[in-house]
Structure formats: C-alpha cells, structure tokens
Enquirer: 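Could you have a look at this structure, given as structure tokens, before my questions?
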Amino acid sequence: MYKISKSGWIEIIVGPMYCGKSEELIRRLRRVRIARHEARVFKPALDDRYDRSSIVSHNGDRIEALAVDHPEEILNRVEEETEVVGIDEAQFFHPRIVEAAEELADRGKRVILAGLDRDFRGEPFGPVPELMARAEYIEKLHAICVVCGEPATRTQRLIDGEPASYEDPVIMVGAEEVYEARCRHCHEVKK
Ligand code: ADP
Ligand code: ZN
C-alpha cells in the first residue's frame, strides 16, 4: 500500500484546571469547522462534569463530542474522510490513548488533545506526559492563582476546606470537594 502523502500530527494543550484548555480546544475546533474540514470530537465517558455529549468550558462555550470508554472506540469511529480528531480530558484515558493518537497522526489526521499535565498532588498525570513527548506541538496554558493572583500551574484539591493529602482516594464519599487553580508557591499537599 502507498503511504498517504499528507502527513498528520499531534497537538496537545495542557495546564491546570481553569487555564482554558477546553476553551482553546473549542476555539481550534470551531476554526476547523469554518474551514469545512471533517472533524470528530471525543471525551472520556467517565467525565460527566457538565454534559455527556458536549465539551463545555468553564465560561460556557460548548461543542458536541462523543463520550467513549476506551481509545479503541476513537480508532473505530474515525473515518477515512475524518481530517481532524479532537480529544478532551486526555488524562482520564487508558494509556493506549498514546498509541491511538500516534496511529491517527500516521494515518494523516490532525490530532488535537487537551488535558491536565499534573494531578492534584502536582505529579505528572496519566498518559499526558508521554503525549507531550510525542506531540509535534505543545501549548502550556496558565490559570490565575486564586490565592495570590500569579500565573497558576497547579490544581489544588480541597476536601471540606482542607488541602488534600497524597494518600487521599480519588473519590471521597460524602465530603465536600473543591478544585482551584494555584501557583507553585500557594499549592499545598498535606504530608
Ligand atoms: P480548563 O478546560 O483548563 O479547565 P476552561 O476552558 O473550562 O478551562 O475554562 C477557562 C475559563 O475559566 C477562563 O476563561 C475563565 O473565564 C474561567 N476561570 C475561572 N477561574 C479561573 C482561574 N482561577 N484562572 C483562570 N480562569 C478562570
Ligand atoms: Zn499563588
């Protein structure tokens, strides 16, 4: 088989919560639509933050997306004529998202991902670091630290008003949980 002459690539948008990843992904996908290029947009099914069938940014922008459980489903749902593949909340996907993104780019697609680069502890988050290493383009966005107003690179997790600790489970039953954007200096993890 001949190699498709058009070459694809991977773009990834990263940063903490509230830095504008979804906004930026939606902006790029809107421009894709204006150019009348064929796009497919996906998000992990477990993220039902706002809407199961849309990506919704914190300022209310939205774009339709298909909620999928596994990266395989993305590969199955991308067609020959699909030119652009958008993927939000990349950190929540199975590690095979890395292979899926590479395969799509090899097939000539423009793959645009968005995701958290760090978890609430400040550690690299799931498959995102590897996706960053393999991407042709990276955009690292900053939020605003809600404590001091400096650029925020981290996501603070608060449980009943207290900084979460390293060992806290991802899901805390019956606790009031809040996430906010903070800078390196103001970010706290209980030891
Ligand atoms: P992300 O996908 O990175 O979580 P969104 O694109 O959903 O971010 O939301 C970005 C928007 O969130 C900003 O344009 C702004 O209106 C709002 N926002 C709320 N809190 C903050 C904050 N601390 N820093 C920056 N933007 C914030
Ligand atoms: Zn700060």
Side-chain angles (χ1 to χ4, degrees), residues 10-34 39-68 71 74 84-93 97 101 110-132 135 137-159 161-165 170-172 176-191:
I10 300 172
E11 303 169 23
I12 187 161
I13 306 156
V14 300
M17 272 181 77
Y18 300 106
C19 74
K21 298 180 297 299
S22 300
E23 229 169 73
E24 177 60 18
L25 179 63
I26 292 167
R27 190 185 78 91
R28 291 186 194 184
L29 290 169
R30 195 172 284 141
R31 292 164 63 94
V32 165
R33 196 166 286 170
I34 290 168
R40 286 283 160 96
V41 187
F42 302 94
K43 63 179 206 169
L46 59 95
D47 174 48
D48 53 2
R49 187 169 62 169
Y50 294 111
D51 194 319
R52 294 198 77 80
S53 57
S54 305
I55 293 171
V56 185
S57 74
H58 287 102
N59 71 359
D61 276 2
R62 67 169 62 223
I63 197 162
E64 268 179 49
L66 195 67
V68 293
I74 298 178
V84 180
V85 181
I87 303 171
D88 201 13
E89 305 284 6
Q91 74 280 357
F92 290 136
F93 276 103
I97 190 72
R110 173 186 176 192
V111 183
I112 316 173
L113 298 123
L116 292 165
D117 51 351
R118 297 162 183 273
D119 63 20
F120 72 90
R121 304 166 305 169
E123 301 295 342
F125 205 153
V128 173
E130 188 169 348
L131 286 164
M132 288 169 73
Y137 305 99
I138 304 174
E139 175 120 46
K140 193 154 181 162
L141 300 175
H142 299 136
I144 303 298
C145 175
V146 297
V147 178
C148 76
E150 291 289 310
T153 52
R154 304 196 183 201
T155 304
Q156 177 69 50
R157 184 187 192 199
L158 297 168
I159 294 165
E162 289 293 314
S165 74
V170 176
I171 302 190
M172 297 283 277
E176 201 218 349
E177 220 187 326
V178 174
Y179 290 91
E180 46 186 45
R182 294 207 188 174
C183 70
R184 177 185 287 273
H185 176 74
C186 298
H187 181 255
E188 290 174 88
V189 184
K190 254 204 314 236
K191 285 274 140 57

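A quick note: this is a predicted structure, and the numbers were derived from the prediction, not measured. We count ligands from 1, going down the list as the structure has it; atoms in each ligand are counted the same way. For this chain, numbers begin at 1 and follow the sequence in order.
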Enquirer: Any idea which of Met17, Glu180, His58 brings a heavy atom closest to atom 12 (O) of ligand 1?
Expert: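 That would be His58.
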
Enquirer: Could you check whether any heavy atom of Gly15 sits closer than 4.0 Å to an atom of ligand 1, since that is the contact criterion I want to use?
Expert: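 Per 4.0 Å heavy-atom rule, Gly15 does not contact ligand 1.
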
Enquirer: Rounded to 10°, how big is the angle at the Zn ion (ligand 2) from Cys148 SG to Cys183 SG?
Expert: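 Seen from the Zn ion (ligand 2), SG and SG are separated by roughly 110°.
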
Enquirer: Polar-atom distance check: Ala181 versus ligand 1, any N or O pair below 3.5 Å?
Expert: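 No, there is no polar N/O contact under 3.5 Å.
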
Enquirer: For Ser57 and ligand 1, does the shortest N/O to N/O distance drop below 3.5 Å?
Expert: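 Not met; the criterion fails.
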
Enquirer: Is the Zn ion (ligand 2) less than 2.8 Å from an N/O/S atom of Cys186, whether that atom is in the backbone or a side chain?
Expert: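 Yes, since at least one N, O or S atom of Cys186 sits under 2.8 Å from the Zn ion (ligand 2).
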
Enquirer: Compute the minimum heavy-atom distance from Pro16 to ligand 1 and say whether it is under 4.0 Å.
Expert: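 Under 4.0 Å: yes for Pro16.
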
Enquirer: Run the numbers for me: atoms of ligand 1, each under 4.0 Å from some heavy atom of Ala143, listed by number.
Expert: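 Contacts of ligand 1 toward Ala143, numbered from 1: 24 (N), 25 (C).
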
Enquirer: Considering all heavy atoms of both residues, which atom of Gly15 and which atom of Lys21 are nearest to each other, and what is their separation?
Expert: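 Taking every non-hydrogen atom into account, O-NZ, 3.5 Å.
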
Enquirer: In ligand 1, which numbered atoms sit nearer than 4.0 Å to a non-hydrogen atom of Val146?
Expert: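 Answer, ordered by atom number: 23 (N).
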
Enquirer: Go through the steps for Arg184 and Glu150 under the test salt bridge (charged side-chain N to carboxylate O under 4.0 Å, His left out), then give the verdict.
Expert: CA-CA 10 Å; Arg184 177 185 287 273; Glu150 291 289 310; over 6 Å; no

Enquirer: To check you understand the geometry: which heavy-atom pair defines the closest contact between Gln156 and Cys186, and what is its length?
Expert: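 Scanning both residues completely, I find the closest heavy atoms to be OE1-O, 4.1 Å.
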
Enquirer: Check the angle between the aromatic planes of His58 and Tyr18 and answer parallel, tilted or perpendicular using the 30° and 60° thresholds.
Expert: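 Aromatic pair His58/Tyr18 classed tilted.
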
Enquirer: What distance separates His142 NE2 from Cys19 SG, expressed to the nearest 0.5 Å?
Expert: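 One finds 8.5 Å between NE2 of His142 and SG of Cys19.
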
Enquirer: Using every non-hydrogen atom in the two residues, find where Ile26 and Ile55 come nearest and quote the distance to one decimal.
Expert: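 That closest heavy-atom pairing would be CD1-O, 3.8 Å.
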
Enquirer: Give the numbers and elements of all ligand 1 atoms closer than 4.0 Å to a heavy atom of Lys21.
Expert: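 Going through ligand 1 atom by atom, the ones under 4.0 Å from Lys21 are 1 (P), 2 (O), 3 (O), 4 (O), 6 (O), 8 (O).
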
Enquirer: So how far is it from Asp117 CG to Lys140 NZ, rounded to the nearest 0.5 Å?
Expert: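 One finds 4.5 Å between CG of Asp117 and NZ of Lys140.
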
Enquirer: Which of these, Ile144, Val147, Leu141, has its nearest heavy atom closest to atom 22 (C) of ligand 1?
Expert: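 Nearest heavy atom to atom 22 (C) of ligand 1 lies in Ile144.
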
Enquirer: Of the backbone and side-chain N, O or S atoms of Cys145, does one lie nearer to the Zn ion (ligand 2) than 2.8 Å?
Expert: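 So Cys145 does bind the Zn ion (ligand 2) by this criterion.
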
Enquirer: Give me the atom names and distance for the closest heavy-atom approach of Ile63 to Arg30.
Expert: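 Shortest heavy-atom separation between Ile63 and Arg30 comes out as CD1-N, 4.4 Å.
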
